[in-house]
S.K.: 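The structure is given below, and queries will be raised subsequently.
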Protein chains: 2
Amino acid sequence: MTLDEAWRILQENQFKRTKNRDTILQFFSNKDRYLTALEVKNFMADDNPGISFDTIYRNLTTFSELGILEETDLNGERNFRMQCDPGVHHHHFICTACGKTRSIPHCPMEMITVNLPDYEVEGHKFEIYGKCPLCVEK
Amino acid sequence: MTLDEAWRILQENQFKRTKNRDTILQFFSNKDRYLTALEVKNFMADDNPGISFDTIYRNLTTFSELGILEETDLNGERNFRMQCDPGVHHHHFICTACGKTRSIPHCPMEMITVNLPDYEVEGHKFEIYGKCPLCVEK
DNA sequence: CCTTGAAACAGGAATCATTCCGATTCACTC
DNA sequence: GAGTGAATCGGAATGATTCCTGTTTCAAGG
């Protein structure tokens with residue numbers, strides 16, 4: 001997702017345009033990886049060294065709820081990345097060495113839900129972990 | 001997995017037979033659900049009110065490493081359950097209302113790894129969340 | 001521009017799960 | 001039944017995340 005798309009969504013939902021939100025979104029743009037609140041904070045060091053975690057988490061949560069960011073739990077920590085393809089359901093391979101991700105278009109749900117009659121499916125999580133080609137070389 | 005199987009594995013690996021381990025394993029036996037360290041502690045209240053979280057986590061981690069328990073992260077918390085079918089790869093449906101799980105024999109990996117040439121796959125996570133038939137009724 | 005109310009923010013305290021650490025106790029071996 | 005390393009206890013420490021309260025900033029209207 002581009003920054004313009006993100007801001008369009010934010011403004012459609014009556015969120016104000018602030019410097020912090022701008023910087024946070026810029027940090028995520030063009031990165032194909034999951035990032036933590038701490039990494040956001042470190043990136044903000046130049047721009048706004050005093051930013052509070054409250055502000056970071058509040059905005060990350062907002063972005064995630066609006067579908068601007070994708071969120072996942074990695075080792076018990078919240079991780080976020082720019083929504084790579086809004087509206088198109090997908091999953092990720094995540095490199096455990098460098099953190100890079102690779103989109104996986106397949107979704108295992110279709111062939112499986114048939115076997116869960118009377119169950120009310122609300123969501124699912126499918127992630128593959130390992131080393132990306134670049135990290136395998138090393 | 002039965003308690004006897006669990007103890008066989010523990011003794012094969014030179015772990016001592018202690019009261020705490022016994023009580024913890026009993027708590028997990030015959031439960032088809034994921035449980036937290038806190039739930040273990042509450043269960044121990046009768047038997048050993050003063051048990052420390054250190055002891056609980058140390059043992060849960062040991063059990064998990066030995067394949068006696070299965071472990072997963074749910075909302076950033078470590079959750080454990082008795083290994084339901086040792087050696088047989090499977091996944092779970094997890095009820096978000098009552099916590100009960102249901103084994104899913106299918107694994108999506110076979111049909112997908114083909115699309116990850118040069119990637120070194122180390123693991124994966126696949127879980128389905130929703131309401132079980134009993135909780136749907138309510 | 002200037003005002004103004006609501007949204008956003010800073011800073012620090014509080015919370016919650018988990019881990020670490022030093023001192024003590026226990027399970028197994030001889 | 002004594003010795004030894006494993007296991008445990010209790011409490012302090014850590015790290016991520018959230019809460020709280022007073023202050024600042026945004027953007028819409030006059």
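Remember, predicted model here, so these are calculated numbers, not experimental data. Just so it is clear: chains get the letters A, B, ... in the order the sequence lines come, proteins before strands, and each one is counted from 1.
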S.K.: Hey, which of these two, A:G76 or B:N59, hits DNA chain D nearer its 5' end, going by closest nucleotide?
M.R.: B:N59
S.K.: Can you tell me how far P of C:dA27 sits from NZ of B:K19, to the nearest Å?
M.R.: 10 Å
S.K.: Which nucleotide wins on minimum distance to the side chain of B:T18, given the candidates D:dT8, D:dT18, C:dC28?
M.R.: D:dT8
S.K.: Check whether any side-chain nitrogen or oxygen of A:N48 sits under 4.0 Å from OP1 or OP2 of C:dA10, and answer yes or no.
M.R.: yes
S.K.: Could you check, using the six-membered ring where one of them is a Trp, whether B:H91 and B:H124 have ring centers closer than 6.0 angstrom?
M.R.: yes
S.K.: For A:L38, report the nucleic acid contact type (base, sugar-phosphate, nothing); a contact means any heavy atom under 4.0 Å.
M.R.: nothing
S.K.: Please determine whether a side-chain nitrogen of the Lys or Arg among B:K19 and B:D47 lies less than 4.0 Å from a carboxylate oxygen of the Asp or Glu.
M.R.: yes
S.K.: Checking contacts here: which listed nucleotide (D:dC9, C:dC28, C:dA10) is nearest the side-chain heavy atoms of B:S52?
M.R.: D:dC9
S.K.: Can you measure A:I51 atom CD1 to C:dC9 atom C1' for me and round it to whole angstrom units?
M.R.: 8 Å
S.K.: Is the distance between the ring centroids of B:Y119 and A:F93 under 6.0 Å?
M.R.: yes
S.K.: Closer to the 5' end of DNA chain C via nearest nucleotide, is it A:G50 or A:K16?
M.R.: A:K16
S.K.: D:dC26 P sits how many Å from A:W7 CH2, rounded?
M.R.: 11 Å
S.K.: Provide, to the nearest angstrom, the distance between the CZ atom belonging to B:F80 and the P atom belonging to C:dA17.
M.R.: 14 Å
S.K.: Any side-chain N or O of A:N20 below 4.0 angstrom from OP1/OP2 of C:dA10?
M.R.: yes
S.K.: Whether B:K41 engages the ring of B:F53 as a cation-pi pair (distance to the six-membered ring centre under 6.0 angstrom, angle to the ring normal within 45°) should be assessed.
M.R.: yes
S.K.: Looking at B:R21, does any N or O in its side chain come under 4.0 Å of the phosphate oxygens OP1/OP2 on D:dA6?
M.R.: no
S.K.: Take atom CG of B:D22 and atom P of D:dA7, then tell me their distance rounded to the nearest Å.
M.R.: 14 Å
S.K.: With sequence neighbours left out, which residue pairs that include part of residues 6-33 of chain A fulfil the ring pair (Phe, Tyr, Trp, His ring centres under 6.0 Å) condition?
M.R.: A:F27-A:F43
S.K.: Between A:F15 (CZ) and C:dA6 (P), how many Å, whole number?
M.R.: 17 Å
S.K.: When you measure from the side chain of A:D54, which nucleotide among C:dG11, C:dC9, C:dA27 comes out closest?
M.R.: C:dG11
S.K.: How many whole angstroms separate atom CG of A:L10 from atom P of C:dA7?
M.R.: 15 Å
S.K.: B:R58 has an atom CZ; how far is it from atom C1' of C:dC21, in whole Å?
M.R.: 12 Å
